[in-house]
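Report on the following structure.
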Amino acid sequence: MFSSVAAGMSVLRRPKGVCMTIYCQHANRGKTQILAVYRREDDAVSSTVTSLGSAGLAAPIVEALNRISALATVPLGLFDERGRRVARYPTEHLTALTDRAARAGLLSGAHSLWYEWVCWDLHQALVDLDEAVAAAPAPIRIAIEAELETEERELRDALTEYSEAVPVPEENQRSWDSGFPFVPYKGGMHLLTREARKELDRLEEGITREKREAAVSDLRLLVTAFDQWSAAQADDGMFSLEYPEIFAEPYDADHHFLTVSAPDPGGEGMDAWHVDVCRWVPDDPEEKGEEEYSSATGEHLLRCVLPATPSAEDVAQLLSRVSAEPGVLTEWAQTAVGSPLEGTTLIVTSCLAE
């Protein structure tokens, strides 16, 4: 059915602002140039941001700039459709591109789960950029700061043109048009997809402002822990938006895995932080005992309900131990109710396999 929200969106003028600048590096006369590539009218053009003597030094700078550009610009061209509304996402995060004092605000908002996660990622990208340019000469740092100033200024000019019909200054070089978005960063960031945004919006359907603030805080903690967990960059784990939770399945764990879950904002699931030890059960009983299953169903073995909100560091340490000692999962699976998981303060509150 064609909803009233969709009908309302069809008549709204889409804003400029979802395009972004793409950054790349280019070898030229013994130097490595960092280029900003953007759309100007109907052409894609580039300009030199700065030049460095080392391609290795340029790579992390380019990586961080691309993340910053994507995270800063994508929310500007989207509509907040929660609760059958059609509203704009905030623009306050743009200030953090050039004002270091404003960065703290990226970690303290409670607008929505999706937007606040974008802000968290933007904060991390800015921190990574600082680390990447720390070893560079002062002129390089000045050039990068000037690039961020240009990005913020021309974004704001485009938004002002949209909302107040004020023409963009003639000297502006970068075109921002949501109808013709530029290529996405690395083929697309999952967090910036419509699917991820809708999943997070679903989690907060019908909740109060107080519960939303708590849910944002919990999500921020879980994301921070996942970022601190070294195995998150490998295949040992993943972050699930559906619950939300962190899924840890190290190699050689005898089909066991562990999940760390935040409280369900909507109240349909657990209303407390909890850690589950689980295992895969083969759908074909004849495959039992084999190293790999053709298909399997997850079975919960035991649960530890936490008495209070953990710290991101504690969660990351738990996940790191599971990655370093995969066999510990089979040991923990034998723990009785009321006893702690060996080497932790986590108390088993229920055996779910019973």
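Every heavy atom of this structure was used, including side-chain atoms; hydrogens, water molecules and symmetry mates were not. All residue numbers refer to positions in the sequence shown, counting from 1.
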* Expected output: side-chain Arg88 to main-chain Leu76 donor-acceptor under 3.5 Å ->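 Flag set: sc Arg88 to bb Leu76 pair under 3.5 Å.
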
Check: [Y] and [X] side chains under 4.5 Å, non-hydrogen atoms:
| X | Y | result |
| --- | --- | --- |
| Arg67 | Asp121 | no |
| Leu148 | Glu152 | no |
| Trp114 | Leu192 | yes |
| Pro250 | Leu329 | yes |
| Pro244 | Leu219 | yes |
| Ile68 | Asp128 | no |

So how far is it from [X] [atom1] to [Y] [atom2], rounded to the nearest 0.5 Å?
| X | Y | atom1 | atom2 | result |
| --- | --- | --- | --- | --- |
| Ser108 | Glu213 | OG | CD | 11.0 Å |
| Ser112 | Glu81 | OG | CD | 12.0 Å |
| Leu129 | Glu147 | CG | CD | 10.5 Å |
| Asp201 | Lys198 | CG | NZ | 6.0 Å |
| Arg103 | Arg100 | CZ | CZ | 4.5 Å |
| Asp276 | Thr259 | CG | OG1 | 4.0 Å |

Of all heavy-atom pairs between [X] and [Y], which one has the smallest distance, and what is that distance?
| X | Y | value |
| --- | --- | --- |
| Ala72 | His93 | O-NE2, 2.8 Å |
| Trp332 | Val322 | CZ3-CG2, 3.8 Å |
| Leu71 | Leu122 | CD1-N, 3.6 Å |
| Leu341 | Leu302 | CD2-CD1, 4.1 Å |
| His190 | Ala196 | O-CB, 3.1 Å |
| Asp80 | His111 | OD2-CE1, 3.4 Å |

Give a yes or no on whether a salt bridge exists between [X] and [Y], defined as a side-chain N under 4.0 angstrom from a carboxylate O.
| X | Y | answer |
| --- | --- | --- |
| Glu149 | Arg153 | no |
| Glu204 | Lys211 | no |
| Arg202 | Glu199 | yes |

* Look at the rings of Phe239 and Phe226 and say which category their plane angle falls in: under 30° parallel, 30 to 60° tilted, over 60° perpendicular. =>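 It falls in the perpendicular class, over 60°.
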
Determine, using the 4.5 Å side-chain heavy-atom cutoff (strictly less than), whether [X] and [Y] are members of one ILVMFWY cluster.
| X | Y | result |
| --- | --- | --- |
| Leu221 | Val118 | yes |
| Leu106 | Trp120 | yes |
| Val337 | Met270 | no |
| Phe257 | Met238 | yes |
| Tyr115 | Trp117 | yes |

* **Thr95 vs Arg156, side chain to side chain contact (heavy atoms under 4.5 Å, CB included): CA-CA, chis, key distance, verdict** => CA-CA 10 Å; Thr95 305; Arg156 290 194 182 279; 3.0 Å; yes

* side chain to side chain contact (heavy atoms under 4.5 Å, CB included) between Cys304 and Ile347, worked out -> CA-CA 6 Å; Cys304 302; Ile347 304 299; over 6 Å; no

* Asked: What residues form a salt bridge (charged side-chain N to carboxylate O under 4.0 Å, His left out) with Glu325, not counting sequence neighbours?
  ->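 Glu325 satisfies salt bridge (charged side-chain N to carboxylate O under 4.0 Å, His left out) with Arg321 only.
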
* Step by step, would you call Tyr38 with Glu154 a side chain to side chain contact (heavy atoms under 4.5 Å, CB included)? -> CA-CA 12 Å; Tyr38 44 85; Glu154 298 202 10; over 6 Å; no

* **Donor + acceptor pair across side chains of Thr50, Arg141 (<3.5 Å)** =>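 No.
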
* To do: Would you please test Asp218 and Thr309 for side chain to side chain donor-acceptor pair (under 3.5 Å) and show each step?
  => CA-CA 8 Å; Asp218 288 338; Thr309 301; 4.5 Å; no

* What's the verdict on side chain to side chain contact (heavy atoms under 4.5 Å, CB included) for Cys24 and Val37, showing C-alpha distance, side-chain angles and the deciding distance? -> CA-CA 8 Å; Cys24 60; Val37 184; 4.0 Å; yes

* Does Asp271 CG have over 12 foreign heavy atoms under 6.0 Å away? ->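 Open.
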
